[in-house]
Asker: 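The structure under discussion is supplied below as structure tokens; questions concerning it will follow.
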Amino acid sequence: MNETCIVTGASSGIGRATAIALAERGRSVICVARSGDALQALKTRYPEQVEIVCADLCDSAGISAVIESVKFVEHVDVLVHAAGSTVALRHYQDLQMPELLNHMGLHVSVPIELNNRLKNKLTGSRILYMDSHSAITPREGWSEYSIVKAAAQMAARSAMIELDRSSVIRVFPGGVRTALVEQLLMADSESPTVVAFKALDASGGISEPAAVGRFVANILLDATDLQLQARQTWDFNNPEDHVAAHSRTTR
């Protein structure tokens, strides 16, 4: 396969799992993240499929590094916006504006910048966002995350409407065992959000990143164009969406 994929946030969590799933299906994957050691481990594991870009996407030089990595690539088939940040547990009245703006930059501005800078290479491509139910559910004691994800969701929905030369996909992974969720599970707080996540974990409702990564790869590589046009979102916890994602074996 000569398809080129870009995955941001590829050093850990869902981003890393998605990059692995795409590489294991023979795709060329450009893995982007700040952690050079984690990226090099992926390169060592998949030397033929993986190229790495160690970059801070909140810096203009980081964005330029991604653009430079596909300088000689005619077409980017897949772009996965999985880069995220660990939003701290903090009450609304304790929100810090510099930190909030930094989170907004990574979750909202960076995908916009990448989409627009890569637009000539994204015709007919599949652009995927990691969405969250927190975008429509205020998280008491963790409102910063809901605020950031609400803005990110609207940016993704706007891209879905206006980037008509590409297929824009939104995936709801639900609770996944990432660094972000681990901070909730380890917290001493008795806030409703922490209590809810701990109950979800106790009931087996926290998924592993590898399973979500495979689900995402199946959507990107197997779902038909008609399915993508008919669906605004895909939900990892909906069995019907898993069936749809397996609708064909080649694209």
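One is the number of the first residue; the rest follow in order along the sequence.
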Asker: Taking the six-membered ring for Trp, are Phe197 and Trp142 parallel (under 30°), tilted (30 to 60°) or perpendicular (over 60°)?
Answerer: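 Perpendicular: the ring planes of Phe197 and Trp142 meet at over 60°.
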
Asker: Quick one: does any side-chain atom of Gln49 pair with a main-chain N or O of Ala19 as donor and acceptor, under 3.5 Å?
Answerer: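 No; zero donor-acceptor contacts below 3.5 Å.
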
Asker: Identify the heavy atoms of Ala10 and Ala33 that sit nearest to each other, and give their distance.
Answerer: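 Scanning both residues, the minimum pair turns out to be N-CB, 4.0 Å.
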
Asker: Name the one of His133, Glu240, His242 that satisfies side-chain contact (heavy atoms from CB on, under 4.5 Å) with Asp235?
Answerer: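 With Asp235 as partner, His133, Glu240, His242 yield a single side-chain contact (heavy atoms from CB on, under 4.5 Å), made by His133.
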
Asker: With a sphere of 6.0 Å drawn around CD of Glu140, does it hold more than 12 non-hydrogen atoms of other residues, nucleotides or ligands?
Answerer: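 Open.
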
Asker: One pair to check against side chain to side chain contact (heavy atoms under 4.5 Å, CB included): Val78 and Arg27. What are the steps and the verdict?
Answerer: CA-CA 10 Å; Val78 165; Arg27 270 55 179 188; over 6 Å; no

Asker: Indicate whether the side chain of Tyr46 and that of Glu24 have a donor and an acceptor atom separated by less than 3.5 Å.
Answerer: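 Present: a donor and an acceptor within the cut-off.
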
Asker: Would you kindly confirm whether Val29 and Ile6 end up in one hydrophobic cluster when ILVMFWY residues are joined by side chain heavy atoms under 4.5 Å apart?
Answerer: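 No, because Val29 and Ile6 fall into different hydrophobic clusters, even though each may have its own neighbours under 4.5 Å.
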
Asker: Using a 3.5 Å distance criterion without hydrogens, assess whether the side chain of Lys43 forms a donor-acceptor pair with backbone atoms of Ile52.
Answerer: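 Answer holds: no.
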
Asker: Is there a side-chain contact between Arg139 and Ser146 (heavy atoms, below 4.5 Å)?
Answerer: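 Of all side-chain heavy-atom pairs linking Ser146 with Arg139, at least one is under 4.5 Å.
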
Asker: Is there a side-chain contact between Ile20 and Arg45 in this structure, where contact means two heavy atoms from C-beta onward sitting under 4.5 Å apart?
Answerer: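 Touching, per the 4.5 Å side-chain cut-off.
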
Asker: Side chain to side chain contact (heavy atoms under 4.5 Å, CB included) for Glu3 and Leu221? Distances and angles first, verdict last.
Answerer: CA-CA 10 Å; Glu3 293 184 1; Leu221 304 181; 4.0 Å; yes

Asker: I need the minimum non-hydrogen distance between Ala21 and Gly213, along with the two atoms involved.
Answerer: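 Heavy atoms of Ala21 and Gly213 come nearest at CB-O, 3.5 Å.
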
Asker: Quick check for you: to the nearest 0.5 Å, what is the distance between Glu182 atom CD and Thr86 atom OG1?
Answerer: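 If we round to the nearest 0.5 Å, Glu182:CD and Thr86:OG1 are 11.0 Å apart.
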
Asker: Is there a side-chain contact between Met130 and Val80 in this structure, where contact means two heavy atoms from C-beta onward sitting under 4.5 Å apart?
Answerer: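 They are in side-chain contact.
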
Asker: Can you name the nearest heavy-atom pair linking Val212 to Ser207, along with the distance?
Answerer: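 Heavy-atom minimum between the residues: CG2-CB, 4.3 Å.
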
Asker: Compare all side-chain heavy atoms of Ile14 with those of Pro173 and state whether any distance is below 4.5 angstrom.
Answerer: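 The answer is yes, as the side chains (C-beta and beyond) meet within the 4.5 Å cut-off.
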
Asker: Same cluster or not: are Leu114 and Val7 linked, directly or through other Ile, Leu, Val, Met, Phe, Trp or Tyr residues, by side-chain heavy atoms under 4.5 angstrom apart?
Answerer: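 Shared cluster, no.
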
Asker: Please answer: with hydrophobic residues joined when any side-chain heavy atoms are less than 4.5 Å apart, are Ile67 and Ile30 in the same cluster?
Answerer: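 Per the 4.5 Å side-chain linkage, Ile67 and Ile30 are co-clustered.
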
Asker: Is the shortest side-chain heavy-atom distance between Thr8 and Leu57 below 4.5 Å?
Answerer: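 The answer is yes, as the side chains (C-beta and beyond) meet within the 4.5 Å cut-off.
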
Asker: Taking all atoms of both residues into account, what is the closest heavy-atom pair of Gly84 and Leu106, and its distance?
Answerer: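 Gly84 and Leu106 have their closest heavy atoms at O-CD2, 3.2 Å.
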
Asker: Which distance, rounded to the nearest 0.5 Å, do you find between the CZ of Arg16 and the OG1 of Thr178?
Answerer: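 One finds 13.5 Å between CZ of Arg16 and OG1 of Thr178.
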
Asker: Are Thr193 and Tyr145 close enough, and set up right, to give a side chain to side chain contact (heavy atoms under 4.5 Å, CB included), and what steps lead you there?
Answerer: CA-CA 11 Å; Thr193 296; Tyr145 185 68; over 6 Å; no

Asker: Using atom types as modelled and distance alone, determine if a side-chain donor or acceptor of Arg126 lies under 3.5 Å from a backbone N or O of Ile219.
Answerer: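 Checked: pair present.
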
Asker: Side chain of Ser125, backbone of Val76: donor and acceptor closer than 3.5 Å?
Answerer: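 Yes; at least one donor-acceptor contact below 3.5 Å.
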
Asker: How close do Val168 and Ala156 get, heavy atom to heavy atom, and via which atoms?
Answerer: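 Smallest interatomic distance, heavy atoms only, reads CG1-O, 3.9 Å.
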
Asker: For the pair Thr137 (side chain) and Ser134 (backbone), establish whether a donor and an acceptor sit closer than 3.5 Å, ignoring hydrogens and angles.
Answerer: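 Checking the backbone N and O of Ser134 against the side chain of Thr137, no donor-acceptor pair under 3.5 Å is found.
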
Asker: In terms of ring plane angle, is the pair His107 and His103 parallel, tilted or perpendicular, where the classes change at 30° and 60°?
Answerer: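 Plane angle over 60°, so perpendicular.
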
Asker: Do the side chains of Trp234 and Asp131 get nearer than 4.5 Å, heavy atoms only?
Answerer: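 Side chain of Asp131 against side chain of Trp234, heavy atoms only: no contact under 4.5 Å found.
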
Asker: Any non-hydrogen side-chain atom of Met104 less than 4.5 Å from a side-chain atom of Ile147?
Answerer: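 The answer is yes, as the side chains (C-beta and beyond) meet within the 4.5 Å cut-off.
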
Asker: What is the minimum heavy-atom distance between Ala155 and Val108, and which atoms define it?
Answerer: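 Smallest interatomic distance, heavy atoms only, reads CB-CG1, 4.1 Å.
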
Asker: Between Val87 and Leu100, is there a shared hydrophobic cluster once you connect ILVMFWY residues whose side-chain heavy atoms come closer than 4.5 Å?
Answerer: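 In one cluster: no.
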
Asker: Any chance you could measure Arg170, atom CZ, to Ser132, atom OG, to the nearest 0.5 Å?
Answerer: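 Arg170 CZ to Ser132 OG: 11.0 Å, rounded to 0.5 Å.
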
Asker: Please identify which of these residues, Leu163, Ile169, Leu220, meets the side-chain contact (heavy atoms from CB on, under 4.5 Å) condition with Ile127.
Answerer: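 The passing option is Leu163.
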
Asker: Counting distance only, does the side-chain N/O of Glu74 pair as donor-acceptor with the main-chain N or O of Phe72 below 3.5 Å?
Answerer: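 Judged by distance alone, no pair lies under 3.5 Å.
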
Asker: From Cys31 SG over to Leu42 CG, what is the distance, rounded to the nearest 0.5 angstrom?
Answerer: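 It is 5.0 Å, given to the nearest 0.5 Å.
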
Asker: Main chain of Leu39, side chain of Ser11: is a donor-acceptor contact present, judged purely on distance under 3.5 Å?
Answerer: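 No, Ser11 side chain to Leu39 backbone: no donor-acceptor pair under 3.5 Å.
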
Asker: Counting only N and O atoms by type, is there a donor-acceptor contact under 3.5 Å from the side chain of Ser64 to the main-chain atoms of Ala61?
Answerer: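 Answer holds: no.
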
Asker: State, with a plain yes or no, whether a side-chain heavy atom of Leu185 is found less than 4.5 Å away from one of Arg177.
Answerer: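 The answer is yes; the side chains approach within 4.5 Å.
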
Asker: Given Ile136 and Gln153, is the side chain to side chain contact (heavy atoms under 4.5 Å, CB included) satisfied, shown in steps?
Answerer: CA-CA 9 Å; Ile136 55 176; Gln153 183 185 96; 4.1 Å; yes

Asker: CD1/Ile161 to CZ/Arg157 distance, rounded to the nearest 0.5 angstrom?
Answerer: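 Answer rounded to 0.5 Å: 7.0 Å.
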
Asker: For Thr4, is there any backbone N or O sitting under 3.5 Å from a side-chain donor or acceptor partner on Asp77?
Answerer: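 Looks like yes, one N/O pair under 3.5 Å.
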
Asker: When you group the ILVMFWY residues by side-chain heavy-atom contacts below 4.5 Å and let the links chain together, are Ile63 and Val32 in the same group?
Answerer: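 In one cluster with Val32: Ile63, yes.
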
Asker: Quick one: sort the Phe236 and Phe215 rings into parallel, tilted or perpendicular, breaks at 30° and 60°.
Answerer: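 Ring orientation, 0 to 90° scale: perpendicular.
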
Asker: Rounded to the nearest 0.5 Å, what separates atom CG in Leu122 from atom CG in Leu79?
Answerer: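 The distance works out to 6.0 Å.
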
Asker: Is a donor on one side and an acceptor on the other found under 3.5 Å between the side chain of His75 and the backbone of Thr123?
Answerer: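 Pair found, side chain donor or acceptor close to backbone of Thr123.
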
